[in-house]
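Heads up, the thing below is written out as structure tokens.
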There are 2 protein chains.
Amino acid sequence: MNSPRKVTRIQRQKREVILAAALEAFAEDGLRGATLEKIADKAGMSKPHVVYYFGSKDAIYTELLQSLLEVWVQPLRDLSEDADPLAAILTYMRRKLRMSQDMPRESKMFATEILHGAPRMRPQLSGDLKALVDDKAALIAGWSAEGKIAKIDPHHLIFSIWAMTQHYADFDIQVEAVLGPDRKAGLYDEADAFLTEFFVRALRP
Amino acid sequence: MNSPRKVTRIQRQKREVILAAALEAFAEDGLRGATLEKIADKAGMSKPHVVYYFGSKDAIYTELLQSLLEVWVQPLRDLSEDADPLAAILTYMRRKLRMSQDMPRESKMFATEILHGAPRMRPQLSGDLKALVDDKAALIAGWSAEGKIAKIDPHHLIFSIWAMTQHYADFDIQVEAVLGPDRKAGLYDEADAFLTEFFVRALRP
DNA sequence: ACAATTTTTGACCATTTGGACAGAAAAATA
DNA sequence: TATTTTTCTGTCCAAATGGTCAAAAATTGT
């Protein structure tokens with residue numbers, strides 16, 4: 001029957017709730033700033049209960065980070081040969097921008113971790129991530145060599161896409177303060193238009 | 001004579017030492033993560049001594065943030081009419097990039113503060129900073145209208161300069177991990193070359 | 001040299017916080 | 001229904017940490 005499955009589902013749901021609460025807390029205050037009590041409150045349960053499911057605050061943080069990493073680099077994984085290389089890069093940029101819009105908490109959590117030295121991601125950055133980026137950089141370099149896009153350093157191109165798209169999520173407070181409240185609603189449409197135009201100009205041969 | 005001056009100078013020096021130590025600590029671990037003891041150690045004095053000079057950890061943090069803000073926006077202040085608007089913008093970009101290279105700790109401290117909601121800078125972001133950016137955006141918009149540079153949204157152009165230059169300081173761990181150790185030495189030269197080419201392409205009419 | 005002032009620190013305190021533990025409540029199993 | 005297992009929480013504890021305080025040490029002024 002499904003009696004064991006039922007329990008498992010409940011467990012999985014509880015863990016989901018805790019992870020969601022923790023993500024919010026970590027994005028707001030970082031690993032140190034976020035307290036177990038705050039996470040428990042956001043999750044609607046007691047502090048020992050949170051510990052019961054994850055063992056420690058650190059374990060929640062690490063698990064979140066690891067599972068998010070995969071989601072985070074997926075758009076780059078999907079960058080591949082295309083009828084139009086420029087369109088492929090623009091699509092990648094747009095997916096990253098949409099992730100900033102839809103997952104600002106995830107973006108902030110990553111940013112905070114890396115900003116503070118990425119103590120629990122260093123191996124993956126210089127391992128998997130470096131391999132992935134090198135791979136895609138080679139692809140882009142190929143397009144450059146064939147004259148399909150401008151000749152630019154592909155690694156720095158990727159950095160620039162990361163920087164510009166994540167800026168809107170990570171520093172949203174600053175962006176919104178500078179633009180003023182009126183432009184807040186259409187912000188991501190503006191950003192999309194600007195970045196598209198910007199990268200088209202920079203990349204066409 | 002200079003007997004009172006002498007004391008004042010010593011006081012000033014002590015404060016300088018503490019501020020430098022605190023900057024390092026805050027950049028590494030953020031406001032919460034940095035402890036008074038760590039700051040005191042880095043400054044080579046006892047914990048109560050640090051408190052004696054600044055009253056509280058928070059006071060050090062706030063003072064650092066305020067004094068750094070002025071330095072931080074100076075390059076934008078200096079953006080003005082020029083024989084060549086494109087050159088003026090490139091100069092601005094380069095000054096920002098150099099600040100990332102020379103003051104990574106300051107960059108990280110700002111980034112962390114804004115990332116976490118900028119609780120003690122909000123008024124200045126939507127006040128002074130917004131006014132300054134609006135002013136310079138108007139200048140750039142003028143250049144656009146005159147056909148001296150491409151027609152792009154000047155606010156987002158400024159954001160893109162902030163994002164791309166600060167990325168190299170704030171996320172240096174990631175950048176260096178992805179590029180590998182060999183490219184670390186010439187990193188900022190690479191970045192300068194890339195960004196210059198990039199912005200020239202994007203901005204020329 | 002002596003008094004007054006400033007600087008410096010060791011010892012201490014109150015609060016916060018991660019998390020251990022025993023046992024209650026609930027659920028599954030029999 | 002009785003028993004076993006799982007879930008959940010009130011209570012407590014030890015460590016970390018921001019900050020106080022009294023007094024020592026150094027400096028300054030006379």
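Chain letters run A, B, ... following the sequence lines, proteins first, then strands; residues in each count from 1.
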Inset, instruction - Could you walk me through whether A:Arg204 and A:Val200 pass the side-chain contact (heavy atoms from CB on, under 4.5 Å) test, one step at a time? - result: CA-CA 6 Å; A:Arg204 77 185 145 202; A:Val200 167; 3.7 Å; yes
Of the listed nucleotides ([options]), which one gets closest to any side-chain atom of [X]?
X: B:His49; options: C:dT17, D:dT9, C:dT7; result: C:dT7
X: A:Pro48; options: D:dC8, D:dT6, D:dT11; result: D:dT11
X: A:Lys47; options: D:dC21, C:dG19, D:dC8; result: C:dG19

Legend entry - Cationic N near anionic O, under 4.0 Å, A:Asp153 to B:Arg183: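 Between B:Arg183 and A:Asp153 there is a salt bridge, with a charged N closer than 4.0 Å to a carboxylate O.
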Legend entry - Pair B:Glu16 + B:Arg12, salt bridge at N-O below 4.0 Å: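 Looking at B:Glu16 and B:Arg12, the cut-off is not met.
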Legend entry - Test of ring centre spacing under 6.0 Å for B:Phe194 and B:Phe199: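 No.
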Legend entry - Pair A:His49 and A:Phe54, ring centroids less than 6.0 Å apart: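 No: the rings miss the under 6.0 Å criterion.
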What is the distance, to the nearest angstrom, from the [atom1] atom on [X] to the [atom2] atom on [N]?
X: A:Lys38; N: C:dT17; atom1: NZ; atom2: P; answer: 10 Å
X: B:Asp41; N: C:dT9; atom1: CG; atom2: P; answer: 11 Å
X: A:Gln11; N: C:dA27; atom1: CD; atom2: C1'; answer: 12 Å
X: A:Glu37; N: D:dT9; atom1: CD; atom2: C1'; answer: 13 Å
X: B:Leu36; N: C:dT15; atom1: CG; atom2: P; answer: 18 Å
X: B:Asp29; N: D:dT17; atom1: CG; atom2: P; answer: 10 Å
X: B:Arg12; N: C:dT7; atom1: CZ; atom2: P; answer: 13 Å
X: A:Gln13; N: D:dT7; atom1: CD; atom2: C1'; answer: 15 Å

Inset, instruction - Examine A:Arg98 relative to A:Tyr188 and say whether NZ or CZ is less than 6.0 Å from the centre of the six-membered ring and inside a 45° cone about the ring axis. - result: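 No, cation not above the ring by the 6.0 Å, 45° rule.
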Legend entry - Sugar-phosphate only, base, or nothing, as touched by A:Ser46 at under 4.0 Å among non-hydrogen atoms: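 It contacts base atoms.
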Inset, instruction - Select base, sugar-phosphate, or nothing to describe what B:Ala34 touches, counting heavy atoms under 4.0 Å on all strands. - result: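 Sugar-phosphate, backbone atoms only, no base.
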Inset, instruction - Compare side-chain N and O positions of A:Lys14 against OP1 and OP2 of D:dC8 and report whether any pair is under 4.0 Å apart. - result: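 Indeed, a polar side-chain atom of A:Lys14 lies that close.
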Legend entry - Helical bend (five base pairs per end, nearest 10°) for the helix from C:dA1-D:dT30 to C:dA30-D:dT1: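 Comparing the first five pairs with the last five, the axes sit 10° apart.
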Legend entry - Close residues, residues 50-62 of chain A, relative to DNA chain D [heavy-atom separation under 4.0 Å]: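 By residue number: A:Tyr52, A:Tyr53.
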Legend entry - Heavy-atom side-chain proximity of A:Val71 to A:Met103 below 4.5 angstrom: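 Result yes, sub-4.5 Å side-chain heavy-atom pair found.
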Under 3.5 Å, side-chain donor or acceptor atoms of residues 109-118 of chain B against the rest of the protein: list the pairs with distances, not counting sequence neighbours.
{"unit_1": "B:Thr112", "atom_1": "OG1", "unit_2": "B:Lys108", "atom_2": "O", "d": "2.8"}
{"unit_1": "B:Glu113", "atom_1": "OE1", "unit_2": "B:Tyr61", "atom_2": "OH", "d": "2.6"}
{"unit_1": "B:Glu113", "atom_1": "OE2", "unit_2": "B:Arg120", "atom_2": "N", "d": "3.3"}

Legend entry - Side-chain donor or acceptor of A:Ser107 paired with backbone N/O of A:Asp170 under 3.5 Å: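 Not at all, since once roles are kept as given, no pair shorter than 3.5 Å links the two residues.
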